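Read through the structure below, which is laid out as structure tokens, and then see the notes.
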Protein chains: 2
Amino acid sequence: MIEAKDLTKIYYLDAVQVQALDKINLKIEKGEFISVMGPSGSGKSTLLHLLGGIDRPTFGKIFINSADVTKLSDTELSDLRRDTVGFIFQIFNLIPTLTALENVMVPLFPRGADLKWVEERAKALLSMVGLKERMNHKPTQLSGGERQRVAIARSLVNQPQIILADEPTGELDSKTGREIILLMKKLNEEENVTVVIVTHDPRVSELTERIIYLQDGRIVREERSYD
Amino acid sequence: MIEAKDLTKIYYLDAVQVQALDKINLKIEKGEFISVMGPSGSGKSTLLHLLGGIDRPTFGKIFINSADVTKLSDTELSDLRRDTVGFIFQIFNLIPTLTALENVMVPLFPRGADLKWVEERAKALLSMVGLKERMNHKPTQLSGGERQRVAIARSLVNQPQIILADEPTGELDSKTGREIILLMKKLNEEENVTVVIVTHDPRVSELTERIIYLQDGRIVREERSYD
Ligand SMILES: Nc1ncnc2c1ncn2[C@@H]1O[C@H](COP(=O)(O)OP(=O)(O)OP(=O)(O)O)[C@@H](O)[C@H]1O
Ligand SMILES: Nc1ncnc2c1ncn2[C@@H]1O[C@H](COP(=O)(O)OP(=O)(O)OP(=O)(O)O)[C@@H](O)[C@H]1O
Ligand SMILES: [Mg+2]
Ligand SMILES: [Mg+2]
């Protein structure tokens, strides 16, 4: 379903080069529920951004459903991403002038969907993450964990086949965080959604079936659980 | 050193009122090393913002070193804050057009300090949090955990008497997070700096000597350790 071949990303800054990813080879099958761990700066967000087509590699290939995404134009890539991927950003990227409800509806706006239906779906997702009472708050009127949950609800509104979650529980207490991961696990088991979660929290990774460890832009270890 | 009396904060949004804090009574002695925990939305950031003079209460009093801060003008409050408090925001609040180094230097700019000395101090703090190789990166060119560490270094540059840290390890792997808390513990033990850490992470709170639990804007429980 998602495959990376010799995936490499180098950031160029004036005199300096930062090798964020160094020949990553990785295969993620449809319906897998995996986590990615590693030290701060090890390349986790970079990997997720490349897998989700939000950024382009410097070298190497990415295949989503066997399509070579490095061959797609920017428009084709963003269409594929919009239809297939739900992305939860490490820094949320909420639109400050829109309410929580409007922020969740944004991914479905350009598609001519029935606005009443989009609103109902967004409300249902916000209730599911415990934000029924906060729908009309703007991001500055929400707590850190509430903003994170808006970002989570938004990632689900277009019923993605792939969820790429960059530290989705970083601002949440353990009870709320656990509920979020179990929600993703439910989508994974009932609808075969592929889920990739970047996390620093072992209580999150222990709920996944496979853990990929990054260090200095490389995969250094993998663990699988069989229960 | 810091005292809250019947501290209350109500946010007003058109038709709705949110009671974020409800008559909080709290005394923090100089040199204490405490943590604040509680569910997402329970009022932790609001409490920290009021204690740090970043926002004003709706009712109730706050005393910093016996001075009633609710009686200070905005200018007096921001002077007190700048001289006394190091604040680590849950959402970092880094200036996107400045480098990591410049961001750390910002709190000392208006004070006519020798610029070379300010730069040396900022560099030392960035090295201390592991960012020696990232000083010239702008925030968008840093990982989530690197941005968090810039925010941490910045909070220490004016040698504050009080550190108020809002989830300072939320984006960090456990090794880096532990180093940050031990750094604060060192400042607490060697220089008697008062430290208040909002956290969701029990591995952080177990390093503190007192834990305050919030729920729905109230203190519901306290724990003290005596070892
Ligand atoms: N400007 C605002 N206007 C209206 N409501 C607000 C505003 N800021 C915060 N709130 C609400 O006040 C409550 C407390 O917010 P606060 O940020 O203190 O929570 P928190 O304990 O820090 O949560 P988290 O762990 O998610 O960061 C939340 O329910 C939030 O929605
Ligand atoms: N636009 C950029 N320009 C230059 N360097 C960058 C840029 N974006 C990221 N980096 C660097 O690339 C490295 C990997 O970044 P990345 O965001 O993937 O790390 P991460 O594993 O997600 O870290 P964290 O756990 O702190 O979020 C970091 O050292 C960072 O400084
Ligand atoms: Mg990251
Ligand atoms: Mg908060």
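Note that the structure is predicted; figures quoted are calculated from it, not measured. All heavy atoms count here, side chains included; hydrogens, waters and symmetry mates do not. Below, read A as the first sequence line, B as the second, and so on, with proteins coming before strands; counting in each chain starts at 1.
- Two residues are said to be in side-chain contact when any heavy atoms from C-beta on lie closer than 4.5 Å; B:Val18 and A:Gln141 fail this criterion.
- Pairing each heavy atom of B:Glu146 with each of A:Ser40, the nearest pair is N-OG, 3.7 Å.
- From B:Asp14, atom CG reaches atom CG of A:Asn136 across 8.5 Å, with rounding to the nearest 0.5 Å.
- B:Ser143 touches chain A through its side chain: at least one heavy atom from C-beta onward sits under 4.5 Å away, while N, CA, C and O do not.
- The number of heavy atoms from other shown groups lying within 6.0 Å of NZ (B:Lys185) is above 12.
- Residues of residues 163-180 of chain B that come closer than 4.5 Å to chain A, counting heavy atoms only, are B:Glu167, B:Gly170, B:Glu171, B:Leu172, B:Asp173, ordered by residue number.
- Partners of A:Phe33 under the ring pair (Phe, Tyr, Trp, His ring centres under 6.0 Å) rule, at least two apart in sequence or in another chain, do not exist in this structure.
- The CG atom of A:Leu13 lies 11.5 Å from the OG1 atom of B:Thr99; values are rounded to the nearest 0.5 Å.
- There is no contact between B:Glu133 and chain A, counting heavy-atom distances below 4.5 Å.
- With respect to chain A, the highest number of heavy-atom pairs below 4.5 Å among B:Gly41, B:Ser45, B:Ala20 belongs to B:Gly41.
- Annotation: B:Lys61, atom NZ; neighbour count of heavy atoms from other residues, nucleotides and ligands within 6.0 Å is above 12.
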